[in-house]
Asker: 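One structure follows; several queries about it will come next.
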Amino acid sequence: MYYGMPVGALSSKIAAGQGKPAQNDKILTTCTYCGTGCTLELNIKNEKIVGVTSNRDAEWSPVNKGALCVKGRFGWDFVNSPERLTTPLIKENGEFRPASWDEALDLAAKKLNAIKEKYGPDSLATFASARVSNEENYLAQKFARAALGTNNIDHCARLCHSVSVAGIGAAFGSGAMTNSIEDLAQDAACTFVIGTNTTENHPVIGYKIRQNVVKNGAKLIVADPRRVELAEIADVHMQFRPGTDVALLNGMMNVIISEGLLDQEFIEKRTEGFAELKEILEKYTPEYSAGITGVPAEDIRQAARIYAEAEAAAICYSMGLTQHSTGTDNVKSVCNLAMITGNVGRPGTGINALRGQNNVQGACDMGALPVVFTAYQKVIDDAAREKFEKAWGRPLSGTNGLTVTQTIHAAYDGVIKGMFVFGENPMVSDPDIQHVEDALDKLDFLLVQDIFLTETAMKADIVLPGVCFAEKDGTFTSTERRVQRIRKAVSAPGEARDDWWIISQLASRMGYPMSYDSAEEIFEEMRALTPSYAGMTYARLEGPGLTWPCPTEDHPGTPILHKEQFTRGLGLFHALDFKEPVELPDEEYPFILSTGRSLYHYHTGSMTRRSSGLNSHMPENRLQINSRTAAELGINGNEHVRLSTRRGSIILQAEITDILKDKVLFTYFHFAEAAANRLTDSHALDPVAGIPEFKVCAANLEKI
Ligand SMILES: Nc1nc2c(c(=O)[nH]1)N[C@H]1C(S)=C(S)[C@@H](COP(=O)(O)OP(=O)(O)OC[C@H]3O[C@@H](n4cnc5c(=O)[nH]c(N)nc54)[C@H](O)[C@@H]3O)O[C@H]1N2
Ligand SMILES: Nc1nc2c(c(=O)[nH]1)N[C@H]1C(S)=C(S)[C@@H](COP(=O)(O)OP(=O)(O)OC[C@H]3O[C@@H](n4cnc5c(=O)[nH]c(N)nc54)[C@H](O)[C@@H]3O)O[C@H]1N2
Ligand code: SF4
Ligand SMILES: [Mo]
């Protein structure tokens, strides 16, 4: 028996496992939604998924031990949707018509080759996908580099944790979550949650953090402009002005230094650059930080003390920290905080960048990024390039490629002429959708490979039908760097084919032969080129999977990074001054607008809006408005309002709530017909990693 459909209380968001061993009609696999990496059993009857159960056995369910959130438990009916793509589609006179695989693949190969010949390989770009497997991402970047001949490949990590790869990379030498999820469940004496709405967006991790507080008495600090669910049980909730994270963190570090709460030994033995940090922190007294952030100075003091005095303190963060024009600084700043208190390299400590998508960690590890091959081997490094040239039998470009955001601007400017969008939906997820649409309209050729005819696929010249997680074999890498299997449970609809098959066919028809019989064969090729995955095999991944680095076949994997020393040797402090967000409120646009997620929907909604159980909980977009703001504008409740920025405007339902402060607004980006990204800015970017400032822009609100 399930513990009922979710109705809001946390307990019902997490349904407990059934504890039965998997039977023949239950296929164990890994969840396709968030990066937590829960395992689940797809229940199959007459070749169709009829339900999801889970297994409590830690051997088969190492992360969630049978617990699942509503998306894992109920978000599977999209698989059976009649709207799935079942044949290739070719656009003629503005209309799609079904086509055979031969016709569609030959035409796509011809079009891509023609652009390559006429304008050169760097006029082509690929968006890979954090939703698909490691094997498929490995092939996508091999396709971009060896078949198209360019490093123009990137994916949604750009919009997500690109600043973590840059920021933690600069401070520690390796830009991934440092500790394990289990650490947060039992070893952390204090958890500092900054810019992650964990109970909605990584619900099983949120549940563990909560249990650690309620059962083990761990301390909890929350920094979020909204009173998110974890704030209700926090020792301190710092409800600050969006975009002022560096000022808040500097304030906490100022207290830690002035009250002598730092870990002198750790700083001396394991880090460099402390003197510069200390100097800049002098002006960030709690009173000074309070002036910028709006958090009472006494709360900043209390948070600093709780974090610094804990035996082991973990920091968890996600998009609230990263999606800013100062995203890289924000990430470096939490690294500073962890290092001055010696909270790295031990159980229950660390910088836990909660990676968003089911396989975003893997897509990065596989080199679906414009500057690196697999395992972050740089394309500008001659030795690395030679290694891949030898393995792939092609000369490769040593010029860094374009990011997602640069690619859209380059298409708009006519520099990018052809694009292959594989498992992404930028017409809903990228900033300033009007600009995205104008850019895509300028392309000579757009190829989209998806499981649905998405808003982006509608703009394509050719659409190729891939298959979803339930229909294929492969591996996903979760936020804690755990590589786990996905297993084929049902057949693909119609003529839809494995994504890796489609990419190899396309490459071969372009004149770069690729031939594989299985996902495992691709995994074997990948691990031979990828030091951190070298010791993994499908056989070893049966059971609880393995965490990287796992360099040899007898290596047990590495749950905690930077134990004895940092990947870069010494940890590096960065002296950071607070910088304001790019667009601040003014007379014309007097509100701060932030955008993000709901428990019931996932991103551009291509899957969750086709899952009736989930969609019924939130069928349309909403705008969270504080009651004072609402009263001033005469907005009384359940009514539609117009929300505008300098980019555009949308109409959506008002939700009056005091979980956020006066003058701050929050909306969701799941709804194409009232898309938050009509409003966001494609020019306000982090200068290092290029992430857009999705969390702050200036907006106006009107009653209609
Ligand atoms: N249900 C669901 N789960 C998901 C997803 C989904 O679409 N739906 N997506 C997945 C993906 S890819 C990702 S990346 C994660 C994202 O997971 P989260 O980061 O948890 O999601 P968000 O809702 O974008 O933002 C988190 C919080 O940041 C706060 N915030 C806003 N501005 C600021 C600020 O200036 N500073 C700070 N510190 N906080 C701020 C918001 O109030 C919000 O509570 O979720 C993953 N899980
Ligand atoms: N305003 C605003 N915008 C945001 C954010 C925000 O907080 N605010 N967050 C950003 C973040 S963190 C992220 S990660 C991005 C996400 O942006 P996207 O990655 O564009 O969003 P998804 O909806 O996950 O798109 C994945 C696509 O892959 C398809 N798909 C799923 N499985 C498969 C498969 O197995 N094979 C194939 N071929 N296709 C498949 C789905 O149908 C869907 O169309 O959005 C970003 N955009
Ligand atoms: S917490 Fe994430 S991985 Fe686990 S069931 Fe929910 S969506 Fe899936
Ligand atoms: Mo994300």
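Counting starts at 1 for both ligands and their atoms, following the listed order. Because the structure is a prediction, the values reported are computed rather than measured.
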Asker: Go through ligand 3 atom by atom and flag the ones less than 4.0 Å from a non-hydrogen atom of Y33.
Answerer: 7 (S)
Asker: What atoms of ligand 1 come closer than 4.0 angstrom to any heavy atom of A223?
Answerer: 38 (N)
Asker: With a cut-off of 4.0 Å, which atoms of ligand 3 are near a heavy atom of L68?
Answerer: 5 (S)
Asker: Identify the closest protein heavy atom to atom 37 (C) of ligand 1: which residue and atom is it, and at what distance?
Answerer: G320 O, 3.1 Å
Asker: Within ligand 1, which atoms have a heavy atom of C160 less than 4.0 Å away?
Answerer: 14 (S)
Asker: Among all protein heavy atoms, pick out the one at the shortest distance from atom 4 (Fe) of ligand 3; state its residue, atom name and that distance to 0.1 Å.
Answerer: C38 SG, 2.3 Å
Asker: For residues S682 and D430, is any side-chain donor paired with an opposing acceptor at under 3.5 Å?
Answerer: no
Asker: Between Y33 and H603, is the gap from one ring center to the other below 6.0 Å?
Answerer: no
Asker: Quick test: of every protein heavy atom, which one is nearest to atom 8 (Fe) of ligand 3, and how far off is it to 0.1 Å?
Answerer: C31 SG, 2.4 Å
Asker: Closest non-hydrogen protein atom to atom 23 (O) of ligand 1, residue and atom name please, with distance?
Answerer: R597 N, 3.0 Å
Asker: Verify the neighbour count for atom CZ of R487: are there more than 12 heavy atoms of other residues, nucleotides or ligands below 6.0 Å?
Answerer: yes
Asker: Counting non-hydrogen protein atoms only, what is the nearest one to atom 6 (Fe) of ligand 3? Give residue, atom name and distance.
Answerer: C69 SG, 2.3 Å
Asker: At a 4.0 Å threshold, what atoms of ligand 1 neighbour a non-hydrogen atom of H670?
Answerer: 7 (O)
Asker: Do the non-hydrogen side-chain atoms of T198 and C316 ever get within less than 4.5 Å of each other?
Answerer: no
Asker: Using a 4.0 Å cutoff against the non-hydrogen atoms of C34, which atoms of ligand 1 qualify?
Answerer: 47 (N)
Asker: Under 4.0 Å from a heavy atom of G596: which atoms of ligand 1 are those, numbered in the order shown and with their elements?
Answerer: 23 (O), 24 (O)
Asker: Going by heavy atoms, is H324 under 4.0 Å from ligand 1?
Answerer: yes
Asker: Show me which atoms of ligand 1 lie under 4.0 Å from any heavy atom of S598.
Answerer: 1 (N), 2 (C), 8 (N)
Asker: Heavy atom of N64 under 4.0 Å from ligand 3?
Answerer: no
Asker: What atoms of ligand 3 come closer than 4.0 angstrom to any heavy atom of G72?
Answerer: 5 (S)
Asker: Taking non-hydrogen atoms only, is N201 closer than 4.0 angstrom to ligand 1 via side chain, backbone, both or neither?
Answerer: both
Asker: Go through it in stages, so that I can follow the logic: the residues are T39 and N55, the test is side chain to side chain contact (heavy atoms under 4.5 Å, CB included), and I'd like the CA-CA distance, side-chain angles, deciding distance and then a yes or no.
Answerer: CA-CA 8 Å; T39 57; N55 193 321; 5.9 Å; no
Asker: Check each heavy atom of F240 against ligand 1 and say whether those closer than 4.0 Å belong to the side chain, the backbone, both or neither.
Answerer: side chain
Asker: Heavy-atom pairs closer than 4.0 Å: do any link ligand 1 to the side chain of S594, the backbone, both, or neither?
Answerer: side chain
Asker: Which of the atoms in ligand 1, numbered in the order shown and given with their element, are less than 4.0 Å from a heavy-atom of H601?
Answerer: 1 (N), 2 (C), 6 (C), 7 (O), 8 (N)
Asker: Which residue holds the protein heavy atom closest to atom 2 (Fe) of ligand 3, what is that atom called, and what is the gap in Å?
Answerer: C34 SG, 2.3 Å
